Participant: 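Here you go, one structure.
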Number of protein chains: 2
Amino acid sequence: MNEKAASIPSYQPLYGQIKSLLVSSLANGEWKPGQMIPSESELASRFGVSQGTVRKAIDELATDNLLMRRQGRGTFVATHAEDRNSTRFLRLRAADGSVETHESRLISCRRDTASGRAAVMLNLAEGEPVVEVRRVLSFSGRPVTHDRIVLPASVFGALDASVIEAWEGSMYSLFETRFGVRLIRAEEHLTAVVAQADVAADLGVDERSPLLAVERVAYTYDDLPMEWRLGHYDTASHYYATTLD
Amino acid sequence: MNEKAASIPSYQPLYGQIKSLLVSSLANGEWKPGQMIPSESELASRFGVSQGTVRKAIDELATDNLLMRRQGRGTFVATHAEDRNSTRFLRLRAADGSVETHESRLISCRRDTASGRAAVMLNLAEGEPVVEVRRVLSFSGRPVTHDRIVLPASVFGALDASVIEAWEGSMYSLFETRFGVRLIRAEEHLTAVVAQADVAADLGVDERSPLLAVERVAYTYDDLPMEWRLGHYDTASHYYATTLD
DNA sequence: GAGTGGTCTAGACCACTGC
DNA sequence: CAGTGGTCTAGACCACTCG
């Protein structure tokens, strides 16, 4: 095709437009997490562009972890329901650097109304219905993190304790499978705080112990905030790892 | 060229080899921070490959922040001595999300011998000479972080208080300009701790206040650890920001 | 206008997977 | 062996910067 992006106002390259089309197909559920998307050559003829252009679009989506390429097999929609992805957002490491398996213990799951930081960060009005989950994550049998998770009830209304306790896998995997919500990106704000009574009790640490407070907001394909959580990590024997580059 | 990578043992693509060659030129100082490297077409003929192959190599180096592309101008060696890069490794934000300017106050700069975590992380034997810098960073006039920086004296022997106080710019910019050491990547380990007396005094917070402890190791082009630092951040009015994706 | 990076194409061939 | 992604090429043309 030669009569390309002639009338686009502020120039966007063809592969950028293809990328948007692919994201739309992901967002509207045409291709579901874990599924294979059409081959590069098929997409090229569908969109009327060369394979190289489709390739560049897919390259960027793979870099952003929206897609996963597997040589010889195809290109797949990324999913949290995979061993290598199930802890993608977990930055906690044991003091010796190893990545341990962890177990989750549910404390509560109840309906509530939005307020404070959670309401602001989720773009909800005060008082809108939400679901609030509290849980403790243990590493090698020892409680390390306490999480309070707030979700809009408009989407997660069907979430309750039995659903969570029956689920094998991560929260994000549950959201994908049971609610059709795929969270692809999150932002975290870290501070150091002193443990409050309830959290201290759940973690088995002294009140007033220092804890790492981790506030997280996770976003969908459309960049809508869909989950707010406040974690409190006991960093006596674990640390939070990041890379700067 | 058709007689390409015929005898390479475990297949490495051509652009990967070009990438290695480019990194070598960066590491041995053929092209210095801030300088422009040869154009893609010149590199293509120098290496006897197509421009597209050079391009792919440069693309990846630009993604890794080793090079910076500027359309219409050329490709440049990334440097910390640039406004947009001078705070590249600083993840601190004010509580309202803004990025403030900061001022550094030097507490001490002295020769010491390697020991403990610093020795281990810098691959130094106990007792090898190091330079230790302590400083406080203030945001909007208020002290927020206390840093203890340890550097191998074999490279940074000429560093002293007068050099630091005369310098306008970041530490990494100083390392580049005065010591020919470019640090391209760093890893951080975060924990929550209680303030010790000396740090508390320097930051003007109560002893036993919770602080965010940030241990950082920074690496050169050759992936050698060249800087170890232990920061203590007062997160009462600031937070540490990261993105998960 | 000359030079640089950025996009797009068409086609050849290689590497890997699974039937 | 067919199908998929991965690499490489050669060449055309576009967008941007600067003198």
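Numbers restart at 1 for each chain; the letters A, B, ... are given by sequence-line order, proteins then strands. Since this is a predicted model, take the numbers as computed values, not measurements.
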Participant: Among the candidates D:dC8, C:dT9, D:dC16, find the nucleotide nearest to the side-chain atoms of B:Gln71.
Facilitator: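 For the B:Gln71 side chain, the nearest candidate turns out to be D:dC16.
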Participant: How many Å lie between CD on A:Gln51 and P on D:dG5, as a whole number?
Facilitator: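 These atoms are roughly 8 Å apart.
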Participant: Rounded to the nearest 0.5 Å, what's the gap from CD on A:Gln12 to NZ on A:Lys19? Could you check?
Facilitator: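 The distance works out to 9.0 Å.
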Participant: Go through D:dC8, C:dT17, C:dT9 for me and flag the one nearest to the A:Arg73 side chain.
Facilitator: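 Selected nucleotide (nearest to the side chain): C:dT17.
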Participant: What is the distance, to the nearest angstrom, from the CD1 atom on B:Ile18 to the C1' atom on D:dT9?
Facilitator: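 The distance from CD1 of B:Ile18 to C1' of D:dT9 comes to 13 Å, rounded to the nearest Å.
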Participant: Please state how far atom CE in A:Met68 lies from atom P in D:dT4, giving the value in whole angstrom units.
Facilitator: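 Spelled out: CE on A:Met68 to P on D:dT4 is 18 Å.
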Participant: Under 6.0 Å from the CZ atom of B:Arg178, do we count more than 12 heavy atoms belonging to anything else shown?
Facilitator: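 Incorrect, the count does not exceed 12.
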Participant: So which nucleotide from D:dT7, C:dT7, C:dA10 ends up closest to the side chain of A:Ser50?
Facilitator: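 Given the options D:dT7, C:dT7, C:dA10, the side chain of A:Ser50 is closest to C:dA10.
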Participant: If you compare all heavy atoms of A:Phe156 against all heavy atoms of A:Val131, which two are closest, and at what distance to 0.1 Å?
Facilitator: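 Taking every non-hydrogen atom into account, O-CG2, 3.5 Å.
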Participant: So do B:Leu67 and B:Leu26 actually touch side chain to side chain, heavy atoms under 4.5 Å?
Facilitator: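 Yes. Closest side-chain heavy atoms under 4.5 Å.
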Participant: Whole angstrom is fine here: how far is it from CG in A:Leu61 over to C1' in D:dG5?
Facilitator: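 Rounded to whole Å, this separation is 15 Å.
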Participant: Tell me: CZ of B:Arg55 to C1' of C:dT7, nearest whole Å?
Facilitator: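 So the CZ-C1' distance, B:Arg55 to C:dT7, works out to 8 Å.
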Participant: Which residue lies toward the 5' end of DNA chain C, A:Arg70 or A:Gly52, if each is placed at its nearest nucleotide?
Facilitator: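 It is A:Gly52 whose nearest nucleotide is closer to the 5' end.
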Participant: Thinking salt bridges, do B:Arg93 and A:Glu187 make one under a 4.0 Å N-O criterion?
Facilitator: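 Salt bridge between B:Arg93 and A:Glu187, a charged N being under 4.0 Å from a carboxylate O: no.
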Participant: Using whole Å, report how far NZ of A:Lys56 lies from P of D:dG6.
Facilitator: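 From A:Lys56 NZ to D:dG6 P: 15 Å.
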Participant: Where the side chain of A:Thr53 is concerned, which of C:dT7, D:dG5, C:dT9 is the nearest nucleotide?
Facilitator: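 Taking heavy atoms from C-beta onward, the closest nucleotide is C:dT9.
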Participant: Nearest-Å distance, CZ (B:Arg69) to C1' (C:dT7)?
Facilitator: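 Spelled out: CZ on B:Arg69 to C1' on C:dT7 is 12 Å.
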Participant: Figure out the OH/P separation between A:Tyr11 and C:dG5, and round it to whole Å.
Facilitator: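 From A:Tyr11 OH to C:dG5 P: 16 Å.
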Participant: Check DNA chain D against residues 39-46 of chain B and give the residues with a non-hydrogen atom under 4.0 Å, in numerical order.
Facilitator: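 Hits under 4.0 Å, by residue number: none.
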Participant: Compute whether any side-chain donor of one residue and acceptor of the other, for A:Tyr240 and A:Glu188, lie under 3.5 angstrom apart.
Facilitator: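 Per modelled atom types, A:Tyr240 and A:Glu188 side chains form a pair under 3.5 Å.
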Participant: Under the criterion side chain to side chain contact (heavy atoms under 4.5 Å, CB included), I'd like the reasoning laid out for B:Val214 against A:Tyr239: C-alpha separation, chi angles, the key distance, then a yes or no.
Facilitator: CA-CA 10 Å; B:Val214 181; A:Tyr239 62 82; over 6 Å; no
